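Predicted, not measured: the structure shown is a model, and the values here were computed from it.
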Amino acid sequence: MSDTIPTTRTGYEKLKADLERLENVEMPAISNRVAEARSEGDLSENAEYHGARESQGLLQAKINLLRDKLSRSVIVDQSKLPKDEVVFGATVVVKDLDFGDQEEFVLVGAGEEDYDAGKILVTSPLAQGLLGKKVGDKVDIPVPKGSMKFEILEIRFD
């Protein structure tokens with residue numbers, strides 16, 4: 001997994017803050033739980049100890065994932081990107097050609113995705129199908145249940 005992950009300065013700072021919180025707040029708290037449970041004696045029958053160790057392992061995995069994302073993140077200077085086509089950071093208004101309704105997507109980097117708000121990862125299949133397209137273009141994006149057909153109505157940078 002040596003692929004770079006495009007991100008904005010805001011997304012990078014959010015990932016960094018999440019990592020710092022996990023390492024400096026949550027990990028010490030779990031380490032204290034492990035130490036307290038260990039002091040209770042026989043570890044072979046100590047459910048509290050085993051639960052705390054499992055939580056510690058899961059948290060460490062989350063920390064490792066965030067470190068990996070940060071190490072592969074590339075902060076994109078949006079001022080140098082074309083303004084007339086779908087690129088990273090663009091807000092794209094599309095018309096669903098199958099159902100006739102309009103949808104709006106913002107192509108964002110790691111740490112900024114919020115699917116309920118229409119913020120989709122630029123590395124997602126949907127975003128990859130939209131990249132490079134211009135207003136008026138029609139796209140056919142393959143998805144597991146067939147394909148999604150859109151017409152690009154508007155591209156803007158908020």
Student: Ignoring hydrogens and geometry, is there a side-chain-to-backbone donor-acceptor pair from Arg72 to Ile5 under 3.5 Å?
Tutor: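 Side chain of Arg72 to backbone of Ile5: no pair is present.
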Student: Rounded to the nearest 0.5 Å, what's the gap from NZ on Lys14 to OG1 on Thr8? Could you check?
Tutor: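 Those atoms lie 10.0 Å apart.
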Student: With side chains defined as the heavy atoms from C-beta onward, is the minimum distance between Leu130 and Val94 less than 4.5 Å?
Tutor: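 Yes - at least one pair of side-chain heavy atoms lies under 4.5 Å apart.
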Student: To the nearest 0.5 angstrom, please state how far the OG atom of Ser31 sits from the CD atom of Glu36.
Tutor: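 Between Ser31 OG and Glu36 CD, I get 11.0 Å after rounding to 0.5 Å.
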Student: Taking atom OH of Tyr115 as the centre, report whether more than 12 heavy atoms of other residues, nucleotides or ligands fall under 6.0 Å from it.
Tutor: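 Counting neighbours around OH of Tyr115, more than 12 heavy atoms of other residues, nucleotides or ligands fall under 6.0 Å, so yes.
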Student: For side chain to side chain contact (heavy atoms under 4.5 Å, CB included), just list the numbers for Ile155 and Thr91, CA-CA rounded to whole Å, side-chain angles, deciding distance to a tenth of an Å, and then say yes or no.
Tutor: CA-CA 6 Å; Ile155 301 168; Thr91 299; over 6 Å; no
Student: Quick one: does Ser124's side chain have a donor or acceptor within less than 3.5 Å of a partner on Ile120's backbone?
Tutor: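 No: the side chain of Ser124 does not pair with the backbone of Ile120.
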Student: Please determine whether the number of non-hydrogen atoms from other residues, nucleotides or ligands lying under 6.0 Å from atom NZ of Lys138 exceeds 12.
Tutor: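 No.
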Student: Quiz question: by atom type and distance under 3.5 Å, do the side chains of Ser147 and Lys149 form a donor-acceptor pair?
Tutor: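 Judged by distance alone, the side chains do pair up.
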Student: Got Val87 and Phe157 here, is their nearest side-chain heavy-atom distance under 4.5 Å?
Tutor: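 Of all side-chain heavy-atom pairs linking Phe157 with Val87, at least one is under 4.5 Å.
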Student: Using a strict 4.0 Å threshold on nitrogen-to-oxygen distance, state whether Arg67 and Glu23 make a salt bridge.
Tutor: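 Result for this pair is yes, salt bridge flagged.
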Student: Measuring from Leu66:CG to Lys62:NZ, what's the distance to the nearest 0.5 Å?
Tutor: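 If I round to the nearest 0.5 Å, the distance is 8.5 Å.
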Student: Within the structure provided, determine whether Val93 and Gln102 are in side-chain contact (heavy-atom separation under 4.5 Å).
Tutor: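 Yes. Closest side-chain heavy atoms under 4.5 Å.
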Student: With rounding to the nearest 0.5 Å, note down the distance linking CG in Leu121 to CG in Leu126.
Tutor: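 Going from the CG atom of Leu121 to the CG atom of Leu126 covers 11.0 Å.
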Student: Once you round to the nearest 0.5 Å, how far does CD1 of Ile63 lie from CD of Gln56?
Tutor: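 Answer rounded to 0.5 Å: 9.5 Å.
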Student: Could you check whether atom CD of Glu154 has more than 12 heavy atoms from other residues, nucleotides or ligands sitting under 6.0 Å from it?
Tutor: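 Count over threshold, so yes.
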Student: Can a donor-acceptor pair be found, under 3.5 Å and without considering hydrogens, that links the side chain of Gln128 to the backbone of Val122?
Tutor: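 Pair found, side chain donor or acceptor close to backbone of Val122.
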Student: Give the C-alpha distance, both sets of side-chain angles, the deciding distance and a yes or no for side-chain hydrogen bond (donor to acceptor under 3.5 Å, both in side chains) between Gln60 and Asn64.
Tutor: CA-CA 6 Å; Gln60 187 61 53; Asn64 292 344; 3.0 Å; yes
Student: Does the side chain of Val34 come within less than 4.5 Å of Arg53's, by heavy atoms?
Tutor: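 With C-beta onward as the side chain, the pair touches.
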Student: Hey, are Glu13 and Arg9 close enough for a salt bridge, meaning a charged N less than 4.0 Å from a carboxylate O?
Tutor: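 Looking at Arg9 together with Glu13, the answer is yes, because their closest N to O distance falls below 4.0 Å.
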Student: Rounded to the nearest 0.5 Å, what's the gap from CD1 on Ile75 to OG1 on Thr10? Could you check?
Tutor: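 The CD1 atom of Ile75 sits 9.5 Å away from the OG1 atom of Thr10.
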Student: Could you go through Leu107 and Val92, starting from their C-alpha distance and side-chain angles, then the distance that decides it, and tell me whether this counts as side chain to side chain contact (heavy atoms under 4.5 Å, CB included)?
Tutor: CA-CA 8 Å; Leu107 280 58; Val92 186; 4.1 Å; yes
Student: Is the NZ or CZ atom of Lys95 positioned over Phe150's six-membered ring, under 6.0 angstrom from the centre and within 45° of the axis?
Tutor: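 Relative to the ring axis of Phe150, which defines the angle, Lys95 lies outside at least one limit.
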Student: Are the charged groups of Glu104 and Arg156 less than 4.0 angstrom apart, N to O?
Tutor: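 Between Arg156 and Glu104 there is a salt bridge, with a charged N closer than 4.0 Å to a carboxylate O.
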Student: Can you tell me if Asp137 uses its side chain to pair, donor with acceptor, with the backbone of Lys134 under 3.5 Å?
Tutor: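 Yes, because the side chain of Asp137 sits within donor-acceptor range (under 3.5 Å) of the backbone of Lys134.
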